[in-house]
2 protein chains.
Amino acid sequence: MLNETAKVIPRDCGDCPIRHRAVCARCESEELDRLDKIKYYRSFEAGQTVIWAGDKMDFVGSVVSGIATLTQTMEDGRTQMVGLLLPSDFVGRPGRETATYDVVATSEMVMCCFRRKPFEEMMVVTPHIAQRLLEMTLDELDAAREWMLVLGRKTAREKIASLLSIIARRDASLTFGKTAGPMVFDLPLTREAMADYLGLTLETVSRQISALRKDGVIVLEGKRHVTVPDFNRLMEEAGDDSDGGLLA
Amino acid sequence: MLNETAKVIPRDCGDCPIRHRAVCARCESEELDRLDKIKYYRSFEAGQTVIWAGDKMDFVGSVVSGIATLTQTMEDGRTQMVGLLLPSDFVGRPGRETATYDVVATSEMVMCCFRRKPFEEMMVVTPHIAQRLLEMTLDELDAAREWMLVLGRKTAREKIASLLSIIARRDASLTFGKTAGPMVFDLPLTREAMADYLGLTLETVSRQISALRKDGVIVLEGKRHVTVPDFNRLMEEAGDDSDGGLLA
DNA sequence: CGCTGAGTTGACAGGTGTCAAAGTACGTGG
DNA sequence: CCACGTACTTTGACACCTGTCAACTCAGCG
């Protein structure tokens with residue numbers, strides 16, 4: 001089975017699995033050559049922290065393979081996930097010296113890092129990079145706003161269903177979205193990470209997953225392997241229009 | 001008193017109150033001339049809808065004066081505010097034909113609109129616009145993520161305190177942020193709009209405002225006029241570090 | 001003067017958090 | 001090979017925060 005969290009270090013950009021989706025997507029070969037000179041790959045183990053909020057950050061970069069989370073923590077320990085970083089997603093903010101959020105790898109992960117200063121200089125003279133970054137940032141803003149509706153207005157059950165449908169949809173888009181038939185995927189997050197994503201406790205997450213299983217909305221094998229027999233049913237449980245959302 | 005929601009239609013860009021903060025901030029005079037040819041002003045009354053989610057949008061633009069909200073609504077009527085649009089904020093997404101959210105003016109409001117097609121064409125050849133838009137979008141993404149922590153992890157009391165401190169800070173930045181002494185401002189939102197912002201009901205908003213008043217965190221005159229005797233106290237109630245956040 | 005919209009307050013119910021205990025999977029070391 | 005420890009997960013009991021429903025106040029206005 002194709003494991004999306006597998007450790008993959010490309011030989012070069014032509015070999016890179018995120019070549020056509022990352023911040024470098026619009027770059028031409030001469031531009032790639034210049035990026036090549038300021039880039040390096042870094043690997044992280046599952047659970048390893050990439051950077052702490054407030055730390056100095058002298059790189060920006062793209063997730064090549066694996067999954068990472070962006071989280072914010074209050075003084076008393078309450079934490080909220082504010083971003084889920086998948087392959088091709090961008091990490092860091094050009095022009096900013098310090099990290100705003102904790103970045104943690106939740107699976108084995110590989111990043112393509114660019115030294116920050118040279119990257120910023122290159123952005124000024126390379127519209128292709130800034131254009132693509134703008135597009136990606138606008139997409140992330142839309143995703144964040146969608147997420148705000150989930151956090152602010154949905155019930156625990158709807159929140160779980162929403163998260164499952166997001167993951168299911170993403171997996172479908174990787175495996176050549178056949179909408180028909182059951183969807184099958186593995187949860188890339190622990191119950192606790194799901195709770196941090198959804199603004200719940202891990203106990204509530206566990207209870208609602210059990211409830212959705214009892215009601216036949218999902219089928220579980222083990223703790224992480226999920227089958228969705230009827231995706232429209234899942235969408236209804238998420239409180240979403242059953243037609244929309246295929247754009248994501 | 002300087003009323004930030006007053007209706008102001010600039011004679012030209014040199015006269016524009018958001019000239020140095022909006023999407024056109026980095027444009028030079030020749031670029032402004034070209035923008036001038038594709039722009040027009042539109043006024044809205046308090047409560048008027050600028051555009052409905054799903055509607056075709058043939059303009060993008062900037063809020064010149066007044067306040068608008070960006071909201072998302074579920075089929076059963078639950079609504080969540082996903083953006084608060086203040087003067088200089090950008091409305092619409094270049095490259096997208098239809099609106100994603102409802103945009104509603106909550107006060108009398110003036111927008112500087114650009115016809116979408118010519119604006120998109122101009123963006124391609126005018127890096128100054130795309131650069132500024134990227135910067136603004138990154139700021140909005142940060143704000144959305146801060147908001148996600150509020151929605152996901154804060155109590156009703158902390159949510160109210162967070163909203164008040166955001167509004168207080170913004171007003172302070174307009175009136176040349178003297179941090180000492182009490183802060184005084186008017187709430188630009190109804191209780192219901194505050195509830196939609198914070199993922200609460202309007203009853204809970206009302207109760208928590210009353211509680212903060214009883215505890216001396218704020219002083220109310222009428223329903224909308226607020227005095228904050230001790231801003232650090234308010235920050236503590238919001239669950240935030242009492243030092244941080246002066247960047248916003 | 002009554003109507004309307006915004007806001008406040010009370011009573012009550014229900015959803016979610018908290019605390020606690022037990023179950024499961026998996027790797028490590030004896 | 002098996003016992004054990006650790007991390008993750010599930011489930012139960014109960015409390016409490018917030019939502020729901022309802023009544024009431026207040027200010028503005030025709």
Side-chain angles (χ1 to χ4, degrees), chain A residues 45-48 69 74 76-80 104 106-107 150-164 186-215 218-226 237 239, chain B residues 45-48 69 74 76-80 104 106-107 150-164 186-215 218-226 237 239:
Chain A
E45 302 159 23
Q48 196 179 346
T69 62
M74 293 171 67
D76 60 7
R78 282 176 282 177
T79 69
Q80 174 66 52
V104 179
T106 61
S107 69
V150 173
L151 288 172
R153 291 304 185 190
K154 292 196 175 177
T155 65
R157 185 182 175 100
E158 288 170 335
K159 285 180 175 180
I160 298 292
S162 297
L163 176 56
L164 292 176
D186 285 318
L187 290 173
L189 302 173
T190 66
R191 299 289 185 266
E192 187 178 18
M194 294 173 70
D196 284 343
Y197 189 109
L198 298 170
L200 298 169
T201 59
L202 65 90
E203 293 95 331
T204 300
V205 169
S206 181
R207 270 187 257 271
Q208 295 300 334
I209 288 180
S210 297
L212 289 174
R213 178 172 48 71
K214 279 203 191 80
D215 296 344
I218 57 174
V219 178
L220 276 181
E221 291 167 62
K223 313 294 186 188
R224 300 289 193 91
H225 195 73
V226 179
E237 293 286 354
Chain B
E45 301 160 24
Q48 196 180 344
T69 62
M74 294 172 66
D76 60 9
R78 282 176 283 177
T79 69
Q80 174 66 51
V104 179
T106 60
S107 68
V150 173
L151 288 172
R153 291 305 184 189
K154 292 195 177 180
T155 65
R157 185 181 174 99
E158 289 170 333
K159 285 180 176 181
I160 299 291
S162 297
L163 176 56
L164 291 176
D186 284 318
L187 291 171
L189 302 172
T190 65
R191 299 289 187 266
E192 187 179 18
M194 294 172 69
D196 284 344
Y197 188 110
L198 298 170
L200 298 170
T201 60
L202 64 90
E203 292 96 330
T204 298
V205 169
S206 182
R207 269 187 260 271
Q208 296 299 334
I209 288 180
S210 296
L212 289 174
R213 178 172 49 71
K214 281 202 191 79
D215 296 343
I218 57 173
V219 178
L220 276 180
E221 290 167 65
K223 311 297 186 187
R224 300 288 193 93
H225 195 72
V226 179
E237 292 287 354

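Residue numbers start from 1 in every chain, and the chains themselves are labelled A, B, ... in the order their sequence lines are given, proteins ahead of strands. Atoms considered below: every heavy atom in the structure, side chains included; atoms not considered: hydrogens, waters and symmetry mates.
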Has the side chain of [X] got a donor or acceptor that lies under 3.5 Å from a partner of the other kind on the base of [N]?
X: Glu192(A); N: dC8(D); value: no
X: Arg207(B); N: dT20(D); value: yes
X: Arg224(B); N: dG7(C); value: no

Round to the nearest Å and state the distance from [X] atom [atom1] to [N] atom [atom2].
X: Leu212(B); N: dT8(C); atom1: CG; atom2: P; answer: 12 Å
X: Arg191(A); N: dA25(C); atom1: CZ; atom2: P; answer: 13 Å
X: Leu198(A); N: dG15(C); atom1: CG; atom2: P; answer: 18 Å
X: Asp196(A); N: dG17(C); atom1: CG; atom2: P; answer: 12 Å
X: Glu203(A); N: dA13(D); atom1: CD; atom2: C1'; answer: 13 Å
X: Ile160(B); N: dC17(D); atom1: CD1; atom2: P; answer: 16 Å
X: Arg157(B); N: dC16(D); atom1: CZ; atom2: P; answer: 17 Å
X: Gln208(B); N: dG10(C); atom1: CD; atom2: P; answer: 14 Å

Select one nucleotide: of [options], the one nearest the side-chain heavy atoms of [X].
X: Ser210(B); options: dT8(C), dG17(C), dT10(D); value: dT8(C)
X: Thr190(B); options: dT8(C), dG7(C), dT18(C); value: dG7(C)
X: Arg213(A); options: dG7(C), dA22(D), dT11(D); value: dT11(D)
X: Thr155(B); options: dT20(D), dT18(D), dT24(C); value: dT18(D)
X: Ser206(A); options: dG17(C), dT9(C), dT10(D); value: dT10(D)
X: Leu200(A); options: dT10(D), dC19(C), dT16(C); value: dT16(C)

**Q.** Residues, nucleotides or ligands: over 12 heavy atoms within 6.0 Å of Glu45(A) CD
**A.**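 No, because the 6.0 Å sphere around CD of Glu45(A) holds 12 heavy atoms or fewer from other groups.
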Q) Does a nitrogen or oxygen in the side chain of Thr201(A) sit under 4.0 Å from OP1 or OP2 of dT16(C)? A)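 Result: no.
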Q: List the steps and the verdict of side-chain contact (heavy atoms from CB on, under 4.5 Å) for Ile209(A) and Met194(A).
A: CA-CA 11 Å; Ile209(A) 288 180; Met194(A) 294 173 70; 3.8 Å; yes
Q: With rounding to the nearest 0.5 Å, note down the distance linking CD in Glu221(B) to CG in Asp186(B).
A: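 If we round to the nearest 0.5 Å, Glu221(B):CD and Asp186(B):CG are 9.5 Å apart.
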(Q) Just verifying a value: how many Å separate Ile160(A) CD1 and Lys154(A) NZ, rounded to the nearest 0.5 Å? (A)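 Taking CD1 in Ile160(A) and NZ in Lys154(A), the distance rounds to 12.0 Å.
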(Q) Heavy-atom nearest nucleotide on DNA chain D for Lys214(A) versus Lys223(B): which residue maps closer to 5'? (A)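 Mapping each residue to its closest nucleotide by heavy atoms, the 5'-most match is Lys214(A).
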Q. For DNA chain D, whose closest nucleotide is more 5', that of Val205(B) or that of Val205(A)?
A.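 So the residue in question is Val205(A).
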Q) NA contact type, Gly199(A), heavy-atom cut-off 4.0 Å: base, sugar-phosphate, or nothing? A)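 Sugar-phosphate: the residue Gly199(A), judged by heavy atoms under 4.0 Å, touches backbone atoms but no base.
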Q) Between Arg153(A) and Thr79(B), is there a donor-acceptor pair closer than 3.5 Å when you use the side chain of the first and the backbone of the second? A)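 Yes, the answer is positive, given that a donor and an acceptor are paired below the 3.5 Å cut-off.
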Q. With distance as the sole test, does Arg207(A) use its side chain to make a donor-acceptor pair with the main-chain N or O of Leu202(A) at under 3.5 Å?
A.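 Side chain of Arg207(A) to backbone of Leu202(A): no pair is present.
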